[in-house]
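Report on the structure given below.
All ligand and atom numbering here is 1-based and tracks the order in the structure. Atom set for the values below is all heavy atoms of this structure, side chains included, hydrogens, waters and symmetry mates excluded.
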Amino acid sequence: MKKGTCILAYSGGLDTSVCIRWIIENYDLDVIACVVDVGQERVDTLDAIQQKALDIGAIQSLVLDVRDEFAQDYVALSLMTNGMYENKYPLVSALSRPLISKRLVALAKELDAEYIAHGCTGKGNDQVRFETSIAALDPDITILGPVREWELTSRDKAMDYAEKHGIPVPTTKVSPYSIDDNMTGRAIECGVLEDPNVAPPEDVYTITQDPKRVDAPDEEIVTLTFKEGLPVAINGQQMDLTALIEEMNAIAGPHGVGRIDMIENRLIGVKSREIYEAPGMMALITAHKALEELTLERETMHFKLGLEQQWSQLVYFGKWFSPLKLAIDAFMASTQRYVTGDVRLSLYRGNCVAVGRTSPYSLYDFGLATYDDSDQFNHTAAKGFMELYSLPIKVWSQVQSGALPNTRKDKIE
Ligand code: ARG
């Protein structure tokens, strides 16, 4: 009888390498390892990672380059939304999981596999994102989370298991951090970072440089061009979104832009401490917001701010493929029609600020805004407006002023 088949989301790291062997031993399944390339940094070549999975016992080992799809269908939505969980974290890991899930589900269909496995722990958000996304895309598939089940509760135990089964292990026995990364940035946790009172050591950072160092670069001005809510050029040079995000990381990283130290509320209820570095995303979102300030009508902008929060929470909580998230996507897209123009960013010693913006659709009207002689604002109309605008408050005050502390009346009595 044909054995069952399991598609494993494979990274080449210790946990998912152990997963291959563990699934074979404990579930008696054929394992197909699949690396989904969303722009993560690699210690090994893809060929070496592929071969490693086969050596450990996978019957097939695949690498899928989905960087462009990731940029265009996932990161782009987050840029238009200014996606930021708890107003602080640009959703790095949360953005990649739905796409990885989508690819695993497609592969399972294509290769007739009944199982999908991931290497997430039972304490994190990523298991939720994988399993909710997979359930949305294929409600019938069975999901395995070996790391949640096995008795290899510490990194050392996983190392011992690996050594016993001839699985190549990283040369350093104790790598202090757990890292997830993709083209939008890096997330770093564990080790000394688990004490929220300890400042992150410099060695957690690899794509940003210390803004305090003596040879930190001078101020750099970068012009970003946006078309309908998405960046399309840097300093006048057009490029596709994948290249643009990578280029923005390369420009903002040396200025130490995009370092984030955060205590965040995970979906499963635990507060955790995470360090992020997302130089490109933070710079792009700063620029995008600056252009929205110029081009979005007031009420749309205020409403959007609230929905940005809601969208970010849904995405962080693993609901990428959900009706509410899809509906908010449609709202976001409709707001971006006139978010077209140029923004000048100043990058300097950890700071990234917009210092100039222009748009053919700018709603900023000099004649209305100026305080000089060319003023066209109707000051007489303002007087009548004040009268009507404050009318309900006036009536309320006349009848119920007792609700107000320190009124004139209070003082007289
Ligand atoms: N806390 C982040 C999130 O939930 C990152 C998760 C992965 N982090 C890691 N260092 N392995 O999106």
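The option from Tyr276, Tyr316, Tyr177 that lies nearest to atom 2 (C) of ligand 1, judged by heavy atoms, is Tyr276. Taking each of Asp126, Asp180, Val315 in turn, the one with a heavy atom nearest to atom 6 (C) of ligand 1 proves to be Asp126.
With respect to atom 11 (N) of ligand 1, the closest heavy atom belonging to the protein is Ser178 OG, 3.0 Å. Of all protein heavy atoms, the one lying nearest to atom 12 (O) of ligand 1 is Tyr89 OH, 2.7 Å. Of the protein's heavy atoms, Glu274 OE2, 3.1 Å lies nearest to atom 8 (N) of ligand 1.
Side chain of Asp15 to main chain of Ser17: no donor-acceptor pair is present (N/O by atom type, distance under 3.5 Å, no hydrogens or angles). Remark: the backbone N or O of Trp22 is paired with a side-chain donor or acceptor of Asn26 at under 3.5 angstrom. In this structure, the side chain of Glu189 does not engage the main chain of Glu274 through any donor-acceptor pair within 3.5 Å. Side-chain atoms of Thr300 do not come within 3.5 Å of backbone N or O of Leu296 as any donor-acceptor pair.
The Glu264 neighbourhood of ligand 1 comprises atoms 1 (N), 2 (C), 3 (C), 4 (O), with distances under 4.0 Å to a heavy atom of that residue. Near Ser93, meaning under 4.0 Å from one of its heavy atoms, ligand 1 places the atoms 5 (C), 6 (C), 7 (C), 12 (O). Annotation for ligand 1: atoms under 4.0 Å from non-hydrogen atoms of Arg129 are 3 (C), 4 (O), 12 (O). Residue Asn125 has at least one heavy-atom neighbour below 4.0 Å for each of these atoms of ligand 1: 3 (C), 4 (O).
Taking the six-membered ring where the residue is Trp, the centroids of Trp320 and Tyr74 are separated by under 6.0 Å.
The residue Tyr85 has no part lying near ligand 1, judged by heavy-atom distances below 4.0 Å.
No hydrogens or angles considered: a donor-acceptor pair under 3.5 Å links the side chains of Glu131 and His118.
Relative to the six-membered ring of Tyr316, Arg129 meets both conditions, a distance below 6.0 Å and an angle of at most 45° to the axis.
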